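The shown structure was predicted, so the numbers you read here are calculated from the model rather than taken from an experiment. Computation of the quantities below employed the complete heavy-atom set of this structure, encompassing side-chain atoms and omitting hydrogens, waters and symmetry-equivalent molecules. Just so it is clear: chains get the letters A, B, ... in the order the sequence lines come, proteins before strands, and each one is counted from 1.
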Protein chains: 2
Amino acid sequence: METAERLIRSTQRLLWERGYVGTSPKAIQRDADAGQGSMYHHFSGKAELARTAIERSGTELRAAAEEQFAGPGTATERITLYLARDRDVLRGCRIGRLTADPDVLADPVLRAPVADTFAWLRTRLAEIIAEGKRNGEYPDRLDPDRTAATVAAVLQGGYVLARAAGDDAPFELAVQGLVDLLRGVT
Amino acid sequence: METAERLIRSTQRLLWERGYVGTSPKAIQRDADAGQGSMYHHFSGKAELARTAIERSGTELRAAAEEQFAGPGTATERITLYLARDRDVLRGCRIGRLTADPDVLADPVLRAPVADTFAWLRTRLAEIIAEGKRNGEYPDRLDPDRTAATVAAVLQGGYVLARAAGDDAPFELAVQGLVDLLRGVT
DNA sequence: GTCTATAGCGAGATAGAC
DNA sequence: GTCTATCTCGCTATAGAC
């Protein structure tokens with residue numbers, strides 16, 4: 001693999017694990033098996049590398065989600081499939097994690113892909129829920145935007161609870177609790 | 001206020017804003033208006049100061065939550081009151097934020113108060129939901145542990161979505177969506 | 001493209017004076 | 001209890017050779 005590509009993937013991984021503040025150029029170089037000069041040849045510095053890595057992660061997250069969203073099945077089925085998809089729960093969300101990083105939120109260039117990814121996710125979930133309403137799966141009074149935000153929040157919050165506990169269980173509970181509510185809503 | 005107390009409160013604030021990795025002893029001293037020697041006289045170092053600050057924040061979080069939980073009203077009313085309580089949404093959760101910090105999760109001493117706080121919260125919410133079932137507010141098939149995890153997750157995830165958007169709105173949507181589901185569940 | 005050398009700075013802690 | 005001096009280390013970047 002080319003050096004630039006290795007640098008990007010290493011940055012994605014380290015950003016996921018340790019965030020922006022906790023990730024040093026040196027650590028990226030070590031992980032990517034690239035020299036100092038090599039890194040600064042391909043990228044202007046830590047910020048540009050992070051920008052590239054975050055944008056890449058956002059694109060990958062959308063593609064992965066769309067696999068479940070675009071499939072067959074009712075709205076609840078597709079949402080359940082998305083939530084219960086095989087996930088490395090204890091590693092958390094690559095994008096959501098970055099919202100804890102003040103330096104990411106403070107830099108519009110780094111923040112944009114984070115904001116865009118969640119904006120897309122909520123919109124997409126709202127579409128699916130609106131479909132569910134049209135098919136009579138959900139009652140008329142169910143608000144798609146609200147429910148979409150709730151679904152996205154359970155996912156992100158599930159990661160937080162699981163990481164706090166050091167165990168997948170709270171994540172699975174939170175997801176099951178939401179699915180129960182979606183199935184039982186009148 | 002005494003120096004030790006100022007140091008603890010400054011650490012609480014900085015941990016909230018910047019996390020463990022992003023918070024330096026020097027920054028704490030500056031914020032607390034305490035000298036280097038003063039800090040190392042009262043605490044053995046960054047880790048012990050952080051431990052004290054995290055434990056304090058956990059205790060405060062419980063007390064604040066219990067204010068809504070112990071009040072009058074139905075289960076849904078008390079949960080709604082808790083979720084919709086006046087919060088500085090864009091600052092996020094002082095405890096939940098720490099789950100993004102690998103150094104906190106790796107150290108059992110720092111991690112314990114984080115794990116304990118969320119364990120308490122989920123237990124407490126499950127009790128309230130179980131009460132709701134006994135009072136006929138919720139159907140028999142509603143699982144208190146699952147639902148409690150969902151409620152806690154919506155809160156934590158709501159913060160993530162709001163911080164990503166730079167706007168309280170997604171948090172409010174997620175909370176409203178959950179309350180709608182709790183009210184509509186049969 | 002990749003390397004090594006170097007720089008300026010802050011992190012985190014210790015030592016010993018007052 | 002608090003102060004200043006000092007230490008070692010790693011961060012982030014630049015310079016210039018190869």
Side-chain angles (χ1 to χ4, degrees), chain A residues 1-56 97-98 100-111, chain B residues 1-56 97-98 100-111:
Chain A
M1 204 190 307
E2 283 137 19
T3 303
E5 180 65 19
R6 287 204 315 280
L7 284 165
I8 294 169
R9 298 200 188 178
S10 289
T11 306
Q12 282 184 284
R13 227 175 43 69
L14 287 167
L15 243 33
W16 191 355
E17 276 174 22
R18 308 199 42 83
Y20 186 75
V21 178
T23 299
S24 69
K26 187 157 295 188
I28 295 169
Q29 293 152 26
R30 201 182 314 129
D31 192 83
D33 195 31
Q36 190 105 334
S38 190
M39 191 199 102
Y40 282 99
H41 170 76
H42 291 288
F43 299 93
S44 67
K46 176 178 171 175
E48 201 209 332
L49 198 36
R51 185 188 126 264
T52 309
I54 296 172
E55 284 172 355
R56 170 85 60 97
R97 197 246 168 272
L98 299 170
D101 225 309
D103 292 8
V104 170
L105 296 194
D107 182 341
V109 170
L110 296 180
R111 176 189 206 133
Chain B
M1 205 190 309
E2 285 139 18
T3 303
E5 180 64 20
R6 287 205 315 280
L7 284 165
I8 294 169
R9 299 202 187 176
S10 290
T11 306
Q12 284 185 283
R13 228 176 41 70
L14 287 167
L15 244 32
W16 190 357
E17 275 174 24
R18 309 199 42 84
Y20 186 74
V21 178
T23 298
S24 69
K26 188 156 293 188
I28 295 170
Q29 293 152 27
R30 201 182 313 128
D31 193 83
D33 195 32
Q36 190 102 334
S38 191
M39 190 197 103
Y40 282 100
H41 171 76
H42 290 289
F43 299 93
S44 67
K46 177 178 170 175
E48 200 209 333
L49 198 35
R51 184 188 126 266
T52 309
I54 297 172
E55 285 173 354
R56 170 85 60 98
R97 196 245 168 273
L98 299 171
D101 226 309
D103 291 9
V104 171
L105 296 194
D107 183 341
V109 170
L110 296 180
R111 178 191 204 132

> So does T3(A) get a side-chain nitrogen or oxygen closer than 4.0 Å to the phosphate oxygens (OP1/OP2) of dG1(C)?
Replying inline: no
Residue-phosphate contact under 4.0 Å: K26(B) side-chain N/O, dG10(C) OP1/OP2:
no
The reported gap from NE2 in H42(A) to OG1 in T3(A) (rounded to nearest 0.5 angstrom) is 5.0 Å
Residue of the set L105(A), I54(A), D101(A) for which side-chain contact (heavy atoms from CB on, under 4.5 Å) holds with R111(A)
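The residue from L105(A), I54(A), D101(A) that satisfies side-chain contact (heavy atoms from CB on, under 4.5 Å) with R111(A) turns out to be L105(A).
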For atom [atom1] of [X] and atom [atom2] of [N], their distance in whole Å:
{"X": "E48(A)", "N": "dA13(D)", "atom1": "CD", "atom2": "C1'", "answer": "14 Å"}
{"X": "I28(A)", "N": "dC11(D)", "atom1": "CD1", "atom2": "C1'", "answer": "12 Å"}
{"X": "R30(B)", "N": "dA11(C)", "atom1": "CZ", "atom2": "C1'", "answer": "12 Å"}
{"X": "M39(A)", "N": "dT12(D)", "atom1": "CE", "atom2": "C1'", "answer": "8 Å"}
{"X": "D33(A)", "N": "dT2(C)", "atom1": "CG", "atom2": "P", "answer": "11 Å"}
{"X": "Y20(B)", "N": "dG12(C)", "atom1": "OH", "atom2": "C1'", "answer": "10 Å"}
{"X": "H41(A)", "N": "dG16(D)", "atom1": "NE2", "atom2": "P", "answer": "18 Å"}
{"X": "Q29(B)", "N": "dT4(D)", "atom1": "CD", "atom2": "P", "answer": "11 Å"}

Side chain of [X] only, heavy atoms from C-beta on: which candidate in [options] is closest?
{"X": "Q36(A)", "options": "dT4(C), dG1(D), dT4(D)", "answer": "dT4(C)"}
{"X": "P25(A)", "options": "dG1(C), dG12(C), dT12(D)", "answer": "dT12(D)"}
{"X": "S38(B)", "options": "dG12(C), dT12(D), dC3(D)", "answer": "dC3(D)"}
{"X": "Y40(A)", "options": "dT2(D), dG1(C), dT12(D)", "answer": "dT12(D)"}

Check: Does the distance from a Lys or Arg side-chain N to an Asp or Glu carboxylate O, for R9(B) and E5(B), drop under 4.0 Å?
Finding: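 Looking at R9(B) and E5(B), the cut-off is met.
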Subject >> Basic-acidic side-chain contact under 4.0 Å: D33(B), R6(B) >> reply: no
### Message
At 4.0 Å (heavy atoms only), tell me whether G37(A) reaches a base, stays on the sugar-phosphate, or touches nothing.
### Response
base
Across the strands shown, which category fits T23(A) at heavy-atom distances under 4.0 angstrom: base, sugar-phosphate, nothing? sugar-phosphate
Nearest heavy-atom approach of I28(B) to S10(B) is O-CB, 4.1 Å
